[in-house]
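To keep things clear, I will list the structure first and then write my remarks on it.
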Amino acid sequence: MEPVIQLEHLCKSYGGVPALQDLSLTVQRGEIFGLLGPNGAGKSTTVECALGTRQPDKGQAHILGLSPITQRKVLFQQVGVQFQEAYYPEKIRVGELCEMTSSLYKTAAPTAPLLAQFGLKGKEKQMVGDLSGGQKQALFIVLALLPMPSVVFLDELTTGLDTRARRAVWRHLAKLKEQGLTIFLTSHFMDEVEALCDRICVLQKGRPVFTGTVQQALTQTHCAHMEDAYLCLAGETQEGQDESI
Amino acid sequence: MKAFKTLLKTEIKLSLRDMNMPIFAIIMPFVVTVLIGLIYGDKAAYPGAPYTFLQQSFGALVTIAICAGGVMGLPLVVAGYRQKKILKRFRTTPTGPVLLLGVQLVLYALYAIASLVLTFLAAWLLFGFHFWGSPLLFTGTYLLVMLSMFSIGLLVGGVARDEKIASILASVLYFPMLVFSGATLPYEVMPPVLQRFADVLPLTQGIKLLKATTLGLPLGSVWFPLVLLAGVAVVCTVLAVRFFRWE
């Protein structure tokens with residue numbers, strides 16, 4: 001077992017309000033790890049602390065044994081990132097954004113086959129701004145995979161994708177996992193989590209309330225489906241929802 | 001190097017698609033040159049002057065593109081990238097502020113040089129402009145003025161939180177320099193108090209040097225302008241890289 005992502009005692013608060021409280025977790029090589037929780041539970045803060053785009057108040061993050069802050073340039077040769085929102089310059093074409101991204105790395109995968117695998121075949125000339133929400137999402141997964149990374153972070157991986165595109169993304173990620181890619185993802189879709197994740201961590205108000213395999217989550221909560229198990233673990237039980245209605 | 005070339009190529013395409021810079025850095029100085037040529041023809045700069053008004057203005061005209069690109073365009077683009085979180089994406093790639101700012105620097109240098117060539121051709125072919133000075137001294141001075149002005153833009157773009165703040169800072173720097181440095185109002189007609197204020201603006205010193213090297217006039221005491229321009233360039237560039245903000 002080789003730890004690839006190591007988060008140790010991460011704490012972060014915004015204006016005195018804690019967003020993340022003492023989160024520690026380790027992801028091994030070749031694992032698909034899912035970080036779950038309702039909006040505002042601290043998923044994006046965790047991803048950002050892991051990537052060094054936010055400095056945690058306490059604790060530290062290492063990826064491939066490197067610090068994302070002090071060893072940024074070495075580390076990010078090997079790490080692909082897809083943020084929850086798409087960030088791109090105005091009036092840029094799909095092909096240009098891919099070419100620009102590829103040029104930043106020592107080695108990069110050929111663009112055209114990757115685009116084709118994610119349903120963007122022949123879209124190189126199209127403006128990124130004119131793509132549909134799902135196509136943009138797919139494009140940013142492509143951008144994360146272009147550097148042929150050994151670790152990839154995917155924040156809200158398939159939000160906005162249609163069913164067929166989601167299945168295609170799952171298949172592709174499963175294949176990359178077999179080749180040794182380590183995947184850290186956040187998701188709101190429990191069918192996706194069940195299909196992909198080796199292990200999960202459930203956050204509730206910035207605290208980890210469960211870490212383990214999908215099977216362990218089902219056993220612990222006496223649920224048959226991951227969605228029920230998740231709602232139970234995240235403290236959003238069906239009963240609670242009904243009462244509030 | 002591959003990253004630099006690809007980013008520069010992409011930025012050139014994006015900038016041309018946007019049309020702001022072609023208008024303000026290329027077309028505007030060209031139009032001003034043509035207007036000055038039409039209005040003043042080959043009139044002397046002042047009664048009895050050995051050179052024409054257009055010859056006197058040439059040094060100032062070629063700084064319009066430097067300012068439009070370096071002091072306005074550059075900081076707005078960089079701050080806009082920060083606001084749109086494009087820099088945040090870059091932060092999770094193996095690239096750094098030196099590469100990103102370097103690409104912008106070269107992009108706006110290309111605009112400035114294109115404008116310099118066009119301004120010269122317009123003045124020469126349309127209005128019989130003669131360049132009397134030393135081309136070597138002029139080129140050296142021109143590059144120094146450019147570096148100095150661009151470094152101010154780099155600093156604003158490197159640290160301004162968003163496009164709005166960058167736009168305010170750039171305007172505060174850009175317009176006084178444009179008005180008081182001699183780029184628009186002739187420095188010679190200003191009252192002494194205003195001249196003394198204008199003298200501390202690096203662009204004023206830059207235009208004085210450019211004027212002198214265009215006309216082949218004695219450079220007089222060049223140490224103050226040289227030190228001022230080089231000092232601004234070094235200090236602002238170092239600060240821009242040191243205090244560069246990704247978000």
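Chain naming here is simple, since letters A, B, ... match the order of the sequence lines and numbering starts at 1 in each. What's counted below: heavy atoms across the whole structure, side chains too, no hydrogens, waters or symmetry copies.
- Residues A:Glu85 and B:Lys85 are not paired through a salt bridge, judged by the lack of any N-O separation under 4.0 Å between the basic side chain and the carboxylate.
- With a 4.5 Å cut-off on non-hydrogen atoms, A:Thr101 touches chain B through its side chain but not through its backbone.
- One N or O on the side chain of A:Arg72 and one on the backbone of B:Arg91 form a donor-acceptor pair closer than 3.5 Å.
- Heavy atoms of B:Lys9 lying under 4.5 Å from chain A belong exclusively to its side chain.
- Around atom CZ of A:Arg199, more than 12 heavy atoms belonging to other residues, nucleotides or ligands sit under 6.0 Å away.
- Taking chain A as the reference chain and counting heavy-atom pairs below 4.5 Å, the highest number among B:Val77, B:Leu99, B:Thr95 is found for B:Thr95.
- Residues A:Phe140 and B:Arg89 meet the side-chain proximity criterion, which asks for heavy atoms closer than 4.5 Å.
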| task | List the steps and the verdict of side-chain contact (heavy atoms from CB on, under 4.5 Å) for A:Tyr87 and B:Lys84. | result | CA-CA 6 Å; A:Tyr87 308 127; B:Lys84 293 190 202 99; over 6 Å; no
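- For the atom pair OG1 (B:Thr93) and CG (A:Leu146), the distance works out to 12.5 Å, reported to the nearest 0.5 Å.
- Atom CZ of B:Phe24 sits in a sparse spot, with 12 or fewer heavy atoms from other residues, nucleotides or ligands closer than 6.0 Å.
- Applying the 6.0 Å contact sphere to NZ of A:Lys123 captures no more than 12 heavy atoms from other residues, nucleotides or ligands.
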| request: Could you check A:Thr53 against B:Trp246 for side-chain contact (heavy atoms from CB on, under 4.5 Å), going step by step and ending with a plain yes or no? | output: CA-CA 8 Å; A:Thr53 52; B:Trp246 293 97; over 6 Å; no
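- Contact of B:Phe90 with chain A is made through backbone and side chain together, with heavy-atom distances under 4.5 Å.
- Applying the 6.0 Å contact sphere to NZ of A:Lys121 captures no more than 12 heavy atoms from other residues, nucleotides or ligands.
- For B:Thr10, the part lying near chain A is the side chain, with the backbone staying farther off; criterion is any non-hydrogen pair under 4.5 Å.
- More than 12 heavy atoms of other residues, nucleotides or ligands sit less than 6.0 Å from atom CG of B:Leu125.
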| said: Working note: A:Phe153 + B:Thr92, criterion side-chain contact (heavy atoms from CB on, under 4.5 Å); need CA distance, chi angles, decisive distance, verdict. | reply: CA-CA 10 Å; A:Phe153 286 78; B:Thr92 61; over 6 Å; no
| task | Apply side-chain contact (heavy atoms from CB on, under 4.5 Å) to B:Lys13 and A:Ile92, showing your working. | result | CA-CA 9 Å; B:Lys13 283 190 205 163; A:Ile92 195 165; over 6 Å; no
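- Taking a cutoff of 4.0 Å between a charged side-chain nitrogen and a carboxylate oxygen, A:Glu48 and B:Lys88 qualify as a salt bridge.
- We find that B:Arg17 and A:Glu90 are not joined by a salt bridge, their nearest charged nitrogen and carboxylate oxygen being 4.0 Å or further apart.
- Within 6.0 Å of atom NZ in A:Lys58, 12 or fewer heavy atoms from other residues, nucleotides or ligands are found, so the atom counts as exposed in its surroundings.
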